[in-house]
Novice: 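Attaching a single structure in structure tokens format; questions to follow.
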2 protein chains.
Amino acid sequence: MGDGVSTTCGEDALCEADGPDVMRSVIERIGDKWSLLLIRTLQDGPARFTELLRATPGISRRMLTLTLRNLERDGLITREAFAEIPPRVEYSMTQLGLTLNEPVRGLMQWAAANQIAVVANRAAYDDREVAGG
Amino acid sequence: MGDGVSTTCGEDALCEADGPDVMRSVIERIGDKWSLLLIRTLQDGPARFTELLRATPGISRRMLTLTLRNLERDGLITREAFAEIPPRVEYSMTQLGLTLNEPVRGLMQWAAANQIAVVANRAAYDDREVAGG
DNA sequence: CAGGATCCCACCAGATACTG
DNA sequence: CAGTATCTGGTGGGATCCTG
């Protein structure tokens with residue numbers, strides 16, 4: 001806990017000096033296994049815990065809890081618990097989180113457009129290795 | 001080894017059914033700790049092993065080797081070895097890799113513009129927790 | 001329903017030493 | 001210079017059981 005990214009350069013400038021650091025800070029948090037998927041789902045509107053669980057095939061309850069907490073910690077989503085029986089908790093994007101929509105969409109579109117090519121490249125590469133590269 | 005993403009939908013369409021799968025496939029490969037940083041560096045032009053090592057603070061030789069190999073396997077970069085003494089190896093983006101430029105830039109710009117807000121949110125969240133939230 | 005606590009394995013990745 | 005090979009510890013994350 002407690003990283004401490006150096007914030008010695010302006011807010012809206014791409015300062016070359018710690019460009020890599022900036023990327024590391026965003027990749028390690030936004031780019032982990034589940035965050036982007038949850039962000040993408042929540043862009044469509046608020047959702048409850050179990051909804052997110054089913055909308056994210058392969059995620060465990062544990063990882064959903066942890067990932068949501070990290071996103072909340074970073075101010076990308078909010079958590080609202082209703083004191084009802086049975087309990088209900090809703091997660092929704094913050095203003096900051098919503099600004100992630102465009103970059104995330106860009107990456108998803110690239111993935112959708114090029115996944116087939118990537119898979120083909122992988123197969124070709126593996127063939128070459130097996131052949132005795 | 002050997003995933004096998006289902007490719008039952010069109011190449012240029014965002015098919016809702018396996019949207020999450022598409023994202024997983026791109027996140028696990030492109031979104032790991034080092035790939036995006038290397039992609040970003042190589043967008044500026046070809047580079048040698050040691051250049052990439054120094055341009056990527058914190059990476060080990062081992063991880064650089066492995067990450068480069070994965071990127072080559074996916075067809076995002078090419079590796080060219082020159083039979084010289086001392087040896088020289090140059091890595092450069094492929095056409096496919098170059099198309100990643102825009103989405104990656106988008107994410108980097110978001111990171112640069114909002115990292116300070118995120119760090120502040122984190123600190124505020126941690127304060128609340130410590131206070132006894 | 002929405003988590004918390006605990007156990008435990010698998011894999012990631014750093015350190016080190018060696019090679020073409 | 002540009003890797004490879006091996007060992008090892010740390011930790012991410014699943015499985016399981018328990019709570020409000």
Side-chain angles (χ1 to χ4, degrees), chain A residues 1-3 20 23-24 27-38 41-42 46-74 77-92 125 128-129 132-133, chain B residues 1-3 20 23-24 27-38 41-42 46-73 77-92 125 128-130 132-133:
Chain A
M1 316 265 180
D3 350 338
M23 277 314 287
R24 285 197 56 177
I27 290 313
E28 290 182 8
R29 199 118 302 284
I30 311 301
D32 69 90
K33 190 168 184 177
W34 303 111
S35 291
L36 275 181
L37 277 69
L38 293 175
T41 299
L42 286 173
R48 304 176 54 171
F49 187 84
T50 310
E51 289 184 88
L52 294 172
L53 201 58
R54 278 181 299 191
T56 316
I59 199 172
S60 65
R61 302 156 72 95
R62 172 190 158 86
M63 285 317 295
L64 181 55
T65 301
L66 294 178
T67 306
L68 286 171
R69 186 174 303 158
N70 274 329
L71 292 175
E72 186 196 4
R73 179 165 177 257
D74 287 0
I77 69 174
T78 57
R79 191 191 107 112
E80 189 176 9
F82 299 89
E84 306 172 355
I85 307 281
R88 177 165 59 103
V89 179
E90 271 196 1
Y91 295 91
S92 30
Y125 184 93
R128 259 173 272 141
E129 294 305 298
Chain B
M1 309 278 182
D3 346 341
M23 276 315 287
R24 284 198 57 178
I27 290 314
E28 291 183 6
R29 200 120 298 288
I30 311 303
D32 70 271
K33 190 169 184 177
W34 304 111
S35 291
L36 275 182
L37 277 68
L38 293 175
T41 299
L42 286 174
R48 304 176 54 171
F49 188 85
T50 311
E51 289 183 88
L52 294 172
L53 201 60
R54 279 180 299 191
T56 316
I59 199 172
S60 65
R61 300 154 72 90
R62 171 189 158 85
M63 286 315 295
L64 180 55
T65 300
L66 293 179
T67 306
L68 286 172
R69 187 175 304 159
N70 275 328
L71 292 175
E72 186 195 5
R73 179 165 177 257
I77 69 174
T78 57
R79 191 191 106 113
E80 189 175 11
F82 300 88
E84 307 172 354
I85 306 282
R88 176 165 60 102
V89 179
E90 271 197 0
Y91 295 91
S92 29
Y125 183 93
R128 261 175 270 142
E129 295 305 298
V130 171

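Below, chains carry the letters A, B, ... as their sequence lines are ordered, and counting in each starts from 1.
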Novice: What are the two closest non-hydrogen atoms of A:A47 and A:L52, and how far apart are they?
Specialist: CB-CD2, 3.8 Å
Novice: Could you tell me whether the phosphate oxygens of C:dC1, OP1 or OP2, come under 4.0 Å of any side-chain nitrogen or oxygen in A:R48?
Specialist: no
Novice: Is the shortest side-chain N/O distance from B:T65 to OP1 or OP2 of D:dG3 below 4.0 Å?
Specialist: no
Novice: Rounded to whole Å, please give me the gap between CZ in A:F49 and P in D:dG20.
Specialist: 18 Å
Novice: A:R79 has an atom CZ; how far is it from atom C1' of C:dG4, in whole Å?
Specialist: 12 Å
Novice: In Å, rounded to the nearest 0.5 Å, how long is the span from CZ of B:R88 to OG1 of B:T50?
Specialist: 12.5 Å
Novice: Give, for atom CD1 of B:I77 and atom CG of B:L38, the distance between the pair rounded to the nearest 0.5 Å.
Specialist: 7.5 Å
Novice: Round to a whole Å and report the spacing from CZ of B:F82 to C1' of D:dC1.
Specialist: 14 Å
Novice: So do the side chains of A:F49 and A:L68 get within less than 4.5 Å of each other, counting heavy atoms only?
Specialist: yes
Novice: Given that A:L68 and A:R62 both sit by DNA chain C, which one's nearest nucleotide is further toward the 5' end?
Specialist: A:L68
Novice: Please state how far atom CE in A:M63 lies from atom C1' in D:dG12, giving the value in whole angstrom units.
Specialist: 7 Å
Novice: Between A:G58 and A:P87, which has a closest nucleotide on DNA chain D that is more 5'?
Specialist: A:G58
Novice: Whole-Å distance between D:dC1 C1' and B:L52 CG?
Specialist: 13 Å
Novice: Which whole-number value in Å describes the distance from B:I85 CD1 to D:dC1 P?
Specialist: 13 Å
Novice: Does A:R88 have a side-chain nitrogen or oxygen under 4.0 Å from the phosphate oxygens OP1 or OP2 of C:dG3?
Specialist: no
Novice: Let's test your reading of the model: under 3.5 Å, does the base of D:dA2 pair with the side chain of B:R61 as donor and acceptor?
Specialist: yes
Novice: Phosphate oxygens OP1/OP2 of D:dA2: is one of them under 4.0 Å from a side-chain N or O of B:T50?
Specialist: yes
Novice: With DNA chain C as reference, determine whether A:P86 or A:L66 sits nearer its 5' end, using the nearest nucleotide of each.
Specialist: A:P86
Novice: Would you tell me if any nitrogen or oxygen in the side chain of B:S60 comes within less than 4.0 Å of OP1 or OP2 on C:dG14?
Specialist: yes
Novice: At 4.0 Å (heavy atoms only), tell me whether B:Y91 reaches a base, stays on the sugar-phosphate, or touches nothing.
Specialist: sugar-phosphate
Novice: In whole Å, I'd like the distance from the CZ atom of B:R69 to the P atom of D:dA2.
Specialist: 15 Å
Novice: Between atom CD in B:E129 and atom C1' in C:dG4, what is the gap in whole Å?
Specialist: 14 Å
Novice: Could you tell me which non-hydrogen atom of B:Y91 sits nearest to which non-hydrogen atom of B:L42, and how far apart they are?
Specialist: O-CD2, 3.4 Å
